[in-house]
Structures are given as structure tokens and as C-alpha cells.
Amino acid sequence: MARVNEHYAKLQAGYLFPEIGRRVRAFVEANGGEVIRLGIGDVTEPLAPVIVDALKAAADEMGTAEGFRGYGPENGYDFLLDAIREHDYGSRGVDVAADEIFVSDGSKQDSGNIQEIFGTTCKVAVSDPVYPVYVDTNVMAGRTGEADADGRYAGILYLPATEANGFAPEPPSEAVDLAYLCSPNNPTGSVMSKELLGRWVAWAREVGAVLVFDAAYDAFIQSPELPRSIFEIDGARECAIEMRSFSKRAGFTGVRCAYTTIPKELEGTAADGSRVSIRDLWSRRHATKFNSVPYVIQRAAEAVFSPEGRKQTAEQVAFYMENARRVREGLGAAGFTVFGGDNAPYIWMRTPDGASSWDFFDRLLSETRVVGTPGSGFGPAGEGYFRISAFNSRENVDEAIARIGRAFRALGTGS
Ligand SMILES: *Cc1c(COP(=O)(O)O)cnc(C)c1O
């Protein structure tokens, strides 16, 4: 029989969301009725009309002899690359060439696949708590040892994101090869300032690290002075890879389109010490393992950048951010200590009375029928915290916050 990749055996069972599902099902079976889910990291608003029109028009085009397209260009159609360059980069004073952008079917895939083009002995750093994809894909690739009792894998450098550092860790004192950054952050809702990102870029250049910058939530940034792209930082072209997605900004979680940007200046080393272009390696990988995003989907992504597209998607983001404001203020009024939610669609709250994340999950479910996400599911430093998502209808958000207010107001302050 074929030997399997035994690194997979090190993975902790896909614990978080299946366990949430199990507990919610058990609760509903025992008690009946409905629950309000503020635990999901998926959007809830329908696609903007301009995007639906673009999908339909492109589908019609594909049904004509002149408009039919087969395999597309590996990196994406020029119409989409040009729109990305103008609106996501040019508007922020950043110059990125079309052949530095790789259109894909998702940032989950890109952030999971990027480690493939680096050596198996590369040392990896992540924040704790963290989006699980960065860690698990490095485990699968054999870049770690076993996990300890807290769930930390041997060989990975974990950087605690804490109240003390505003849930945005500083660069470590030791050198690593790859550091994953996510800003605005899932799960903590924190955002990295230009100054902090500048320190990360300076550190990466000094130690020769590559920063993998996940900007899936950049559209939720409200303060104009906060960086949306790592390439707004001088020197980032020599040390950073950036990932952006249409999933959260434009409701593409089920449509699927994203992109990864790798500047030509970014280099790694070969065993003989010679320098190798990271962009060229990713290009080779992309062309070998991926056959381009469907034409209709790329037309839909292009529509996000049209004047109506920008207006309609900005309205959706504003809708979610108003939800976030209501959650943040409602939880604060109920006596909870809350973080995030002002430049990100996630509110990160301290559990009351030092409760564990899962104990609070159970208490919230039984007393209010509201479902959130235990912070410990994103890493050991998330223990004692809880994530509430702003992705839901206004009605559900208001109802959930009203219930939490009634159940917990007796907590008073400082819980
Ligand atoms: C949702 C999310 C993404 C986007 O993934 P897609 O595959 O593009 O849908 C990327 N990174 C983080 C941290 C996310 O939460």
C-alpha cells in the first residue's frame, strides 16, 4: 500500500468549526428553536447588482462564437490586472506591474500554497491567535514537529497577540525565514499601523525574512492613515508578498476570486548561495498547478472596480461596519471588555470572570441562543477571548446584542 504523508497525522483534528456545529446541534435538539450565528467568517449580504450584471453579461458572451473563451492567461486577464493596479494600488500611490500580480480562486489557497516555493527547513513565525491555514499548511509540508498540549507545534515561532501589544505583535528578536501577517486581523480585529508595519519591513530586510501579508479585510479599514497594502511601506518590495481577496470586500466567498502580488525585487537563496526570484518561482508554480480563474468570474471581479461597483460594495462594507459598531457598543454597554470592530468586521472580547473560551461559548448559547467563536480555537493565546462577527442581518445583530445585554448587564463594568 502507498505510504501517506505522515505530517498530516500531526494536525489537530479540524476542531473548531465542527465542534461549534456539534454543540449547537446538541443544544437545538435538546431545547428546540433557533439560534443566531455570529460565529461565521462568511459574508451574508447578496451580491451587488453590478456584479450580477457582469456575471450574466459574461455568460452571454461565452455563448457566442466571437465571445467564447477557453483557457485564460495564467496570471489573469489584462482588464482585471489593470483595474487592480489602478484601484487597489495606484490610488494608494503604489506602483505594481501587471506581471507581479497573480489572479487566483482564493486567498485561502494562496496563503496555504505559498509555502511550497520555500525550502522545507525554513523557519516560520505566526501571531497567536492566527488564521489556522498558515500553520496547518506548514505542518502538512513537514516544516514542524508535533504539537504540544497547548496546540503549539515544535519549530514554529508563535508571537502572542495580547492586550498589551494591541493584538498586533512586534517583530521577534530572532531571525526567521517566513512571517505571516494578517491586517486587518482575523480573529482579533486589530490593524497594523504604518509605523508597526514599517518596523516589520525593516526587520525582514535585516534578517532576510519574507513577509506574507494577508490583506483579505483591507476594504474594512475606515481610517485613511492606516495602510491597506504592505507596499505602501518603503522597502517592502524587497521583502513582502501580499494577498488580497474579493471574498469579504465584495461578497465573493462563493464566487471565488483573489490575487497575490509578488514584486520582482523579492529574492530567496538556493543551496549554493545564488539568488532566486520568488516571483518567478510562484509564476512557475501557478502555471503548472492552476489553469486560471473563469472569464465570467474575472469580469465580475472587474465590475467591483467600476464606479457603481465601488459604490455598491462600499455600501455593503458600511453595512457590516455599522453592525460591528452596534456589536462593539452593545457589548461594551453590557460590561464586556471589547477590542477590534472599528477597522475590521470582527469584535474580539474578553470572556467575563476569567471564563475559558469554550465555557463562555456554552454559557452564551444557553442563556442567549447566540453563537460566537471561542478565541482558543485560533491559538493558545486566544484562550479567555471570544470572536463575534459582524456578518449577519441587522435584525439578527440587534436581537443578539439585546439578548446579551439582558443576560449580562448585571456584570457591571470591568468583567
Ligand atoms: C476569509 C479570509 C481569507 C479569504 O479567503 P478566500 O479563499 O479568498 O475566500 C483570507 N485570509 C483570511 C485571514 C480570511 O479570514
Legend entry - Over-ring placement of R244 relative to Y89, 6.0 Å and 45° cut-offs: yes
Inset, instruction - Compute both the distance and the angle, then confirm whether R143 meets the cation-pi test with F118: under 6.0 Å from the six-membered ring centre, within 45 degrees of the axis. - result: no
Would a 4.5 Å heavy-atom cut-off, applied to side chains only, mark [X] and [Y] as touching?
X: R279; Y: L266; result: no
X: F246; Y: I297; result: no
X: M243; Y: V212; result: yes
X: I221; Y: P184; result: yes
X: R92; Y: F231; result: no
X: E399; Y: R403; result: yes
X: T188; Y: F378; result: no
X: M192; Y: W200; result: yes

Legend entry - Verdict with supporting geometry, T253 and D42, side chain to side chain donor-acceptor pair (under 3.5 Å): CA-CA 7 Å; T253 51; D42 194 356; 2.6 Å; yes
Rounded to the nearest 0.5 Å, what separates atom [atom1] in [X] from atom [atom2] in [Y]?
X: N185; Y: N343; atom1: CG; atom2: CG; answer: 12.5 Å
X: E315; Y: E322; atom1: CD; atom2: CD; answer: 14.0 Å
X: D128; Y: R152; atom1: CG; atom2: CZ; answer: 5.0 Å
X: S376; Y: R387; atom1: OG; atom2: CZ; answer: 12.5 Å

Using a strict 4.0 Å threshold on nitrogen-to-oxygen distance, state whether [X] and [Y] make a salt bridge.
X: E308; Y: K311; value: no
X: D53; Y: K56; value: no
X: K194; Y: E225; value: no

More than 12 heavy atoms of other groups within 6.0 Å of [X] [atom1]:
X: D95; atom1: CG; answer: no
X: R69; atom1: CZ; answer: yes
X: E206; atom1: CD; answer: no
X: D234; atom1: CG; answer: no
X: K264; atom1: NZ; answer: yes

Inset, instruction - Walk me through it: do Y217 and Y346 pass the test ring pair (Phe, Tyr, Trp, His ring centres under 6.0 Å)? - result: CA-CA 10 Å; Y217 297 95; Y346 296 118; 5.3 Å; yes
Legend entry - Pair F336 and F386, ring centroids less than 6.0 Å apart: no
Inset, instruction - Flag the pair F68 / Y295 as yes when their ring centroid distance falls below 6.0 Å, and as no otherwise. - result: no
Inset, instruction - Say whether T261 and E100, considering side chains only, have a donor N or O and an acceptor N or O under 3.5 Å apart. - result: no
Legend entry - Side chains of D110 and T260, donor plus acceptor under 3.5 Å: yes
Backbone N/O of [Y] and side chain of [X]: donor-acceptor pair under 3.5 Å:
X: D362; Y: D359; answer: no
X: Q298; Y: Y77; answer: yes
X: N396; Y: R37; answer: no
X: N165; Y: E170; answer: no
X: R326; Y: I401; answer: no

Looking at residues at least two apart in the chain, or sitting in another chain, which of them share a side chain to side chain contact (heavy atoms under 4.5 Å, CB included) with [X]?
X: E6; value: R3, V4
X: R285; value: N113, E116, I117, W282, K289
X: I20; value: L16, F17, V24, W358, F361, V371, T373, P374
X: S274; value: A270, D272

Inset, instruction - Not counting sequence neighbours, list each pair that qualifies as a ring-ring contact (aromatic ring centres under 6.0 Å, His included) and has a residue in residues 172-198. - result: Y134-Y180
Inset, instruction - Take L55 and L47, measure what side-chain contact (heavy atoms from CB on, under 4.5 Å) needs, and give me the verdict at the end. - result: CA-CA 11 Å; L55 283 167; L47 287 174; 4.0 Å; yes
Legend entry - Y385: ring-ring contact (aromatic ring centres under 6.0 Å, His included) partners, not counting sequence neighbours: F167, W348
